[in-house]
Every structure is written in structure tokens, then in C-alpha cells.
Amino acid sequence: MKPSSARAVTSQAPAWRAFAAPFLFDVALPLTVYYVLRSQGTGQWQALMLSGTVPVGRVAVMLAARRHVTGFETFMIGMLAVRVITSLFTGDPRVLLVKDACLSVAAGAWILGSLLTARPFAFQMGQYWSAPAAQHGRDAAWHRSPALRGALTRLTIVWGCGQVLDSVVGVTIATTCAVEVVPALNRAKGLALLGLAAIVTVLYSRHCASRRGLSLFGTVPLRNRDPWVAPQAQDPHTRPVRTGHRRKDSPS
């Protein structure tokens, strides 16, 4: 299957599946593996390391199936690689938990840093979940509408700051709470902040749709009544439409 075909199939999948897989492999299964291993007498550091292999396995399976890596996926692979490599240099479970919490700062910096590129993170995520045909339409809308660019830029700032906040709270939990409860608390914290970011995103997207005629993550970002669209050059072969009063016929 070609990468474009795989992306089209992914974009047609139910929306709940796009969120269920990360929740299962990045939250539920790692927690289950950690606490099952601890109940069997495995050390804290070993249990944390083994539970961290679950997200790595999911990414490896995705890459083997699709054989195509986007910029966002490259970043996630890099984050996982840093986590695994740096974990080998310490045997202290608390240091391992603090390090994992600090990775959210890198994620926030990457998201905010995308503001300096041609396309911010929020636009890239919309492209990631869109079919190839919709991607071309969204890219054209990005060039035409300053309102669309501004809205996605503001969402990128919200998401990036959310990752930084996630790191600050995570480090606080990792340094002040018992090691046994830190994995569960940090997962709950992450889900709470993710839910808050999702609510803000949905409310802001609805605001843009109702007030400005923008569909931030839809297949047709610009609607007909959008007044914030840059005018297109008129086709010289198109006959202009006259809007003045109809001229009365002169008396014969």
C-alpha cells in the first residue's frame, strides 16, 4: 500500500479509533505492565523501563506497516529514543520519572518552535489526519485566509504552553510523591491536561466556525461566507457582473 493510500484509509477510520489507540498503548498498557511487574516483585527501575517499551513497540509496528514517516512522527521517535538511551545511564527510579516529565518541555518547545516555520503545529496535525485531496484544499486555504492562519497559530501557542505546564506539574509530582504512585498520578495529570486542551480546541473551533466561517480541521476550511479571505485574481475571460441599476431603454 502506498503512503498516500494508507493515509486515506487512516483518515476514513472512526474518530474514536484515532484517540483509543494512543490511550491504550501510551497510558493503559504501560500502567498495567508497571503495576503487574511490581506485584510480582520486580524492582521499580526495571518495571519502569519495561513499561516504557509498550509505546516504542506501537511506533515500531506503525512504521513497519506504513513505511512512511512524517515530521511529527519523526519527532515522536526521537523523543522515545532519547527516553530509552538516557534511561540506561541511571538506576534511580525517581531520576527516571523526573526525566520523563522533563520530556514534555521538549515537546512544548518543538510545538512552539513550529511557529517559526512555514506551517505551525496545529496546521500540521490537521494535515496529518486528512486525506491527500483534503490536504491540497487545506494548503490552498492556508495561503488565502489570514484568519485561518491566525486561528491555527493561536491554537499552536495553547498546545505548546500546555506541554510546558504538563512538564512543570509532572516534575513536581515526581519529586514530592512516593515513587509507587507517580506513574498513575502523572498519567491522570496528562489525561486531565489533554482533556482541557481538547475542550479549548473544540470551543475555539466552534467559535471560528460560527463567527468567521472557518473549519479549522475540516476538509473544507473556508466557507462561502468567510469575509477574511484574500481576494483572488479575476479571470480575464470571465465577464464582469454589473451590480448597478438596470438602464432604462431610451424612448424611440
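In this text, all values refer to a predicted model and were calculated from it rather than measured experimentally.
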> Before you tell me yes or no, could you show the steps for R119 and S114 under side chain to side chain contact (heavy atoms under 4.5 Å, CB included), namely the whole-Å CA-CA distance, both residues' side-chain angles and the distance that decides it to 0.1 Å?
CA-CA 7 Å; R119 302 289 189 277; S114 70; over 6 Å; no

> In this structure, would L194 and I199 fall into the same cluster of hydrophobic residues linked by side-chain contacts under 4.5 Å?
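No, it is not one cluster - the side chains of L194 and I199 are not joined through contacts under 4.5 Å.
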
> With a 3.5 Å distance limit and no angle check, can you tell me whether S210 reaches the backbone of H207 through a side-chain donor-acceptor pair?
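Yes; at least one donor-acceptor contact below 3.5 Å.
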
> With a 4.5 Å limit on heavy-atom distance, are the side chains of T117 and Q124 in contact?
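Result yes, sub-4.5 Å side-chain heavy-atom pair found.
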
> Decide side chain to side chain contact (heavy atoms under 4.5 Å, CB included) for Q163 and I111; before the verdict, give the C-alpha distance in whole Å, the side-chain angles of both, and the deciding distance to 0.1 Å.
CA-CA 9 Å; Q163 286 295 313; I111 293 174; 3.9 Å; yes

> Side chains of K189 and D166: closer than 4.5 Å at any heavy-atom pair?
yes

> Minimum heavy-atom separation for V171 to C102, with atom names?
CG2-SG, 3.8 Å

> Could you tell me whether a side-chain N or O of T176 sits under 3.5 Å from a main-chain N or O of T172, the two making a donor and an acceptor?
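Side chain of T176 to backbone of T172: a pair is present.
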
> Over all heavy atoms of both residues, which pair between N186 and G170 is shortest? Give the atoms and the distance, please.
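Between these two residues, the closest heavy atoms are OD1-CA, 3.4 Å.
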
> Check whether any side-chain heavy atom of L216 lies under 4.5 Å from a side-chain heavy atom of F123, and answer yes or no.
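The answer is no, as the side chains (C-beta and beyond) never meet within the 4.5 Å cut-off.
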
> So, for R187 and P30, which heavy atoms are closest and what is the spacing to 0.1 Å?
NH2-CB, 3.7 Å

> Quick one: CG on L155 to OG on S205, what's the gap to the nearest 0.5 Å?
6.0 Å

> Assess whether atom CZ of R206 is packed by more than 12 heavy atoms of other residues, nucleotides or ligands within 6.0 Å.
no

> Please check: side-chain N/O of R149 versus main-chain N/O of W142, any donor-acceptor pairing under 3.5 Å?
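Yes; at least one donor-acceptor contact below 3.5 Å.
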
> Treating Ile, Leu, Val, Met, Phe, Trp and Tyr as nodes and any side-chain heavy-atom pair under 4.5 angstrom as an edge, say whether L112 and L193 lie in one connected cluster.
no

> When you group the ILVMFWY residues by side-chain heavy-atom contacts below 4.5 Å and let the links chain together, are L103 and V98 in the same group?
no

> Which label fits W159 and F121: parallel for a plane angle under 30°, tilted from 30 to 60°, or perpendicular past 60°?
perpendicular

> Would the distance check show the side chain of T156 and the main-chain N or O of P120 forming a donor-acceptor pair, the cut-off being under 3.5 Å?
no

> What is the minimum heavy-atom distance between S167 and A101, and which atoms define it?
OG-O, 3.0 Å

> Could you walk me through whether V158 and Y204 pass the side chain to side chain contact (heavy atoms under 4.5 Å, CB included) test, one step at a time?
CA-CA 11 Å; V158 170; Y204 186 65; over 6 Å; no

> At what distance, to the nearest 0.5 angstrom, does CG of L29 lie from CG of L31?
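With rounding to 0.5 Å, CG (L29) is 9.5 Å from CG (L31).
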
> When you measure from the side chain of S51 to the backbone N and O of L48, does any donor-acceptor pair fall under 3.5 Å?
yes

> Taking Y35 for its side chain and E180 for its backbone only, find out whether a donor-acceptor pair lies under 3.5 Å.
yes

> Whether the side chain of T42 engages the backbone of R38 through a donor-acceptor N/O pair (distance < 3.5 Å, no angle test) should be reported.
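No, because the side chain of T42 does not come within donor-acceptor range (under 3.5 Å) of the backbone of R38.
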
> Within this structure, what is the OG1-CG distance for the pair T153 and L148, rounded to the nearest 0.5 Å?
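Nearest 0.5 Å value for the OG1-CG distance: 9.0 Å.
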
> If you round to the nearest 0.5 Å, how far is OG1 of T32 from CG of L37?
10.5 Å

> Consider only side-chain heavy atoms of I, L, V, M, F, W and Y, link residues closer than 4.5 Å, and tell whether V179 and L185 are in one cluster.
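Linked within one cluster.
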
> Drop me the distance from C208's SG to L214's CG, to the nearest 0.5 angstrom.
5.5 Å

> Hydrophobic clustering (ILVMFWY, side-chain heavy atoms < 4.5 Å, transitive) - are V200 and M125 grouped together?
yes

